[in-house]
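Worksheet: the structure to be examined is printed underneath.
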Amino acid sequence: MILVTGGAGYVGSHTVLALLDKGKDVVVLDNLSTGHRDLVGKAHLVVGDLTDRSSVEAVFQKFPIEGVFHFAAKSIVPESMKQPDLYYVNNVTGTINLLSTMVKYGVKNLVFSSTAAVYGEPEHVPITEDSPKNPQNVYGHTKLVIEEMLRNYFAAYSLKSVSLRYFNAAGADPEGRAGEDHDPETHLLPIAFNTALGKRKEFTVYGTDYPTSDGTCIRDFIHVSDLAEAHLLAFEKLQKGELDCESFNLGSEKGYSVNQIVQVVKKVTGIDFPVSYGNRREGDPAVLIASSQRAQEKLQWKMKHSDLETIVSTAWAWHQKRFR
Ligand SMILES: NC(=O)c1ccc[n+]([C@@H]2O[C@H](COP(=O)([O-])OP(=O)(O)OC[C@H]3O[C@@H](n4cnc5c(N)ncnc54)[C@H](O)[C@@H]3O)[C@@H](O)[C@H]2O)c1
Ligand SMILES: O=c1ccn([C@@H]2O[C@H](COP(=O)(O)OP(=O)(O)O[C@H]3O[C@H](CO)[C@@H](O)[C@H](O)[C@H]3O)[C@@H](O)[C@H]2O)c(=O)[nH]1
């Protein structure tokens with residue numbers, strides 16, 4: 001039985017699907033703060049909070065857990081700047097409870113959702129795993145602290161882990177079984193779709209004076225089903241004893257500006273919607289582009305869905321089904 005924390009959320013639910021598709025037994029522990037009951041498919045769902053140690057222990061008592069995929073976290077950058085206490089308690093304390101319980105029950109293998117936000121504003125792109133780590137926001141700090149904790153837990157308790165630093169997760173299950181559903185929504189694609197559907201008056205581009213070709217930020221979008229596949233590969237390597245404690249970037253290695261993405265959304269949806277140009281959003285680095293060579297080599301990870309049109313069209317299909 002695999003435990004997936006945060007499995008009712010966006011990235012977690014796609015990994016739950018990938019595990020179920022492979023015939024695995026899955027239990028999801030989720031407090032449903034931003035997740036959705038209907039996204040866990042046929043997995044067992046335990047509604048509980050990681051910051052409550054007894055809820056975590058109850059899962060390990062009830063189910064024979066062989067490994068953990070840990071997605072549960074708060075991850076909205078501006079919220080993290082306003083409420084650092086909430087972020088440190090939820091992300092760091094929640095993870096301490098999980099790791100201590102794993103140690104107590106002798107569960108050795110963990111795949112952890114880290115983020116490109118651990119790097120902050122990069123000095124060079126593409127960003128490799130060894131690039132400097134200077135998080136620009138509280139959210140990124142919480143993830144970097146957890147990565148450090150994982151190194152300590154490996155050294156002291158032989159708890160093995162892989163930290164996967166995703167760049168911009170996007171897209172939806174190609175079969176339409178899951179996708180992104182956040183309220184409030186802060187991410188580029190769903191906001192653009194809501195504008196295309198007339199639910200918002202206009203799409204605002206945050207910042208036009210970045211040192212990029214068209215002045216808008218550049219991001220590296222990675223399909224959520226490709227992320228899910230990387231989790232399964234990482235877990236297999238942990239189980240086979242081929243990895244101990246390591247971090248990998250997961251990105252498509254291609255950068256697109258916010259303006260370019262808006263154009264692709266207009267093309268895929270066939271809808272021309274109003275776009276306005278506003279100020280920069282606090283904490284946004286100008287350019288984030290991954291090198292994911294390490295994951296491709298050591299995890300034998302191959303991206304299948306991460307060209308931008310596939311990302312946008314799968315996300316659009318889901319968005320229409322869920323929100324129209
Ligand atoms: N979406 C991205 O672009 C992106 C990029 C990099 C990293 N990440 C990381 O990936 C993970 C998943 O992100 P997402 O976009 O799917 O977010 P999400 O908000 O959709 O999913 C998080 C899930 O965790 C649950 N949760 C949060 N705190 C919990 C707690 N204390 N106890 C139990 N459940 C809790 C929520 O209810 C939700 O279902 C997060 O750790 C996030 O930091 C996401
Ligand atoms: O209405 C909008 C929304 C976003 N943007 C811009 O679009 C880009 C992407 O923004 P968003 O979709 O909010 O993603 P990020 O802020 O880049 O963060 C995502 O990607 C990071 C890693 O790259 C992860 O750490 C975060 O968890 C994840 O939310 C940024 O330049 C934003 O300024 C706009 O211009 N207008």
Side-chain angles (χ1 to χ4, degrees), residues 4-15 28-37 39-40 45-52 55-56 69-78 80 86-87 89-91 93-95 97-98 112-119 127 135 137 139-140 142-143 146 163-170 178-183 185-192 194-195 200 202-208 210 212 216-222 224 227 231 249-251 256-259 261-262 275-290:
V4 181
T5 76
Y10 173 43
V11 189
S13 62
H14 287 79
T15 306
V28 168
L29 174 62
D30 198 300
N31 64 8
L32 300 181
S33 55
T34 56
H36 305 274
R37 195 179 280 278
L39 291 185
V40 305
L45 173 64
V46 176
V47 179
D49 199 302
L50 280 178
T51 60
D52 170 20
S55 296
V56 183
F69 291 62
H70 179 32
F71 295 92
K74 294 221 155 278
S75 61
I76 300 175
V77 168
S80 78
L86 174 68
Y87 272 66
V89 170
N90 194 73
N91 295 1
T93 308
T95 303
N97 285 339
L98 177 67
F112 168 61
S113 300
S114 188
T115 169
V118 299
Y119 297 109
I127 300 171
N137 51 62
Y139 162 62
T142 66
K143 294 285 180 171
I146 294 168
S163 296
L164 298 175
R165 297 177 184 149
Y166 330 150
F167 283 62
N168 287 56
E180 191 160 14
D181 181 355
H182 291 131
D183 185 17
E185 189 49 78
T186 58
H187 292 117
L188 196 169
L189 284 183
I191 289 178
N194 280 337
T195 320
R200 296 170 76 104
E202 57 188 15
F203 178 87
T204 305
V205 174
Y206 297 139
T208 53
Y210 286 99
T212 60
T216 68
C217 286
I218 290 179
R219 289 290 178 275
D220 177 336
F221 285 81
I222 179 76
V224 70
L227 291 180
H231 285 73
N249 287 344
L250 297 178
Y256 294 96
S257 74
V258 175
N259 264 340
I261 295 156
V262 168
V275 175
S276 67
Y277 293 89
N279 293 331
R280 291 182 178 201
R281 190 175 67 177
E282 199 192 349
D284 276 345
V287 183
L288 290 176
I289 302 173

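First listed ligand is number 1; within each ligand, the first listed atom is number 1.
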Interatomic distance, Ile146 atom CD1 to Thr115 atom OG1 [nearest 0.5 angstrom]
11.0 Å

Between His231 (side chain) and Leu227 (backbone), is there a donor-acceptor pair under 3.5 Å?
yes

Ligand-side contact atoms (ligand 2) for residue partner Phe167, heavy atom cut-off under 4.0 Å
22 (C), 23 (O)

Answer side chain, backbone, both or neither: which part of Arg281 comes under 4.0 Å from ligand 2, heavy atoms only.
side chain

Which ligand 2 atoms does Ala116 reach within 4.0 Å, using its non-hydrogen atoms?
22 (C), 23 (O)

For the backbone of Gly48 and the side chain of Asp30, can you confirm whether one donor and one acceptor N or O come within less than 3.5 Å of each other?
no

For atom 35 (O) of ligand 2, what is the nearest protein heavy atom, given as residue, atom name and distance?
Tyr206 N, 2.9 Å

Report yes or no: does Thr5 contribute a side-chain atom to a donor-acceptor pair with the main-chain N or O of Phe71 at less than 3.5 Å?
yes

At less than 4.0 angstrom from any non-hydrogen atom of Tyr139, what atoms of ligand 2 do you find?
25 (O), 27 (O)

Answer yes or no: is there a donor N or O on one side and an acceptor on the other, between the side chain of His182 and the main chain of Thr34, under 3.5 Å?
no

Given 3.5 Å as the limit, does a donor-acceptor pair link the side chain of Asp220 with the main chain of Ala290, or not?
yes

Can any side-chain N or O of Ser13 pair as donor or acceptor with the backbone N or O of Tyr10 at less than 3.5 Å?
yes

For atom 18 (O) of ligand 2, which protein heavy atom lies nearest, and how many Å away is it?
Asn168 ND2, 3.9 Å

Students should be able to answer this: which protein heavy-atom is nearest to atom 33 (O) of ligand 2, and at what distance?
Asp284 OD2, 2.6 Å

Atoms of ligand 2 close to Leu288 [distance to a heavy atom under 4.0 angstrom, numbered from 1]:
23 (O)

Tell me, which protein residue and heavy-atom name are nearest atom 6 (C) of ligand 2, and how many Å apart are they?
Val258 CG2, 3.9 Å

Taking a 3.5 Å cut-off between nitrogen or oxygen atoms, can you list every pair linking ligand 1 to the protein, with distances?
unit_1, atom_1, unit_2, atom_2, d
ligand 1, 3 (O), Ala169, N, 3.1
ligand 1, 16 (O), Tyr10, N, 3.1
ligand 1, 16 (O), Val11, N, 2.8
ligand 1, 19 (O), Thr34, OG1, 2.6
ligand 1, 20 (O), Tyr10, N, 2.9
ligand 1, 20 (O), His182, NE2, 2.7
ligand 1, 26 (N), Asn31, OD1, 3.4
ligand 1, 28 (N), Asn90, ND2, 3.1
ligand 1, 31 (N), Asp49, OD1, 3.0
ligand 1, 31 (N), Asn90, OD1, 2.8
ligand 1, 32 (N), Leu50, N, 3.0
ligand 1, 34 (N), Asn31, N, 3.0
ligand 1, 34 (N), Asn31, OD1, 3.4
ligand 1, 37 (O), Asp30, OD1, 2.7
ligand 1, 37 (O), Asn31, OD1, 3.2
ligand 1, 37 (O), Ser33, N, 3.0
ligand 1, 37 (O), Ser33, OG, 3.3
ligand 1, 37 (O), Thr34, N, 3.1
ligand 1, 37 (O), Gly35, N, 3.1
ligand 1, 39 (O), Gly9, N, 3.1
ligand 1, 39 (O), Asp30, OD1, 3.2
ligand 1, 39 (O), Asp30, OD2, 2.5
ligand 1, 39 (O), Gly35, N, 3.3
ligand 1, 41 (O), Phe71, O, 2.7
ligand 1, 41 (O), Lys143, NZ, 2.6
ligand 1, 43 (O), Tyr139, OH, 2.6
ligand 1, 43 (O), Lys143, NZ, 3.2

Just by distance, with hydrogens left out, do Ser257 and Thr212 show a side-chain donor and acceptor under 3.5 Å apart?
no

Check ligand 2 against Ile191 and write out every atom of the ligand that is under 4.0 Å from a heavy-atom position of the residue.
1 (O)

Show the atoms of ligand 2 that are less than 4.0 angstrom away from any heavy atom in Val205.
35 (O)

Atoms of ligand 2, numbered as shown, that sit under 4.0 Å from any heavy atom of Thr115:
22 (C), 24 (C), 25 (O)

Side-chain donor-acceptor pair under 3.5 Å between Tyr256 and Asn168, yes or no?
no

Would you say Lys74's side chain and Tyr139's backbone share a donor-acceptor pair under 3.5 angstrom?
no

Between Thr186 and ligand 2, which residue portion shows a heavy-atom distance shorter than 4.0 Å: side chain, backbone, both, or neither?
backbone

Distance only, no hydrogens: is a donor on one side chain within 3.5 Å (strictly under) of an acceptor on the other, for Ser33 and Asn31?
yes

Using only atom types and a distance under 3.5 Å, with no angle test, would you say the side chain of Tyr87 pairs donor to acceptor with the backbone of Ile76?
yes

Determine, considering heavy atoms only, which of Ser114, Cys217, Gly140 sits nearest to atom 31 (O) of ligand 2.
Cys217

Thr204 contact mode with ligand 2 (heavy-atom cut-off under 4.0 Å):
backbone

Taking the six-membered ring for Trp, are Phe221 and His187 ring centroids under 6.0 Å apart?
no

Looking at atom 28 (C) of ligand 2, what's its closest protein heavy atom, distance included?
His187 NE2, 3.8 Å

Would you tell me whether Tyr166 and Ser114 have side-chain atoms, one donor and one acceptor, within less than 3.5 Å of each other?
no

Are Arg280 and Tyr210 in a cation-pi contact, defined as NZ or CZ under 6.0 Å from the six-membered ring centre and within 45° of the axis?
yes

Which bit of Arg219 gets closer than 4.0 Å to ligand 2, counting heavy atoms only: side chain, backbone, both or neither?
side chain

Considering only heavy atoms, does Leu188 approach ligand 2 within less than 4.0 Å through its side chain, its backbone, both, or neither?
both

For Val77 and ligand 2, answer yes if some heavy atom of the residue is under 4.0 Å from a ligand atom, otherwise no.
no

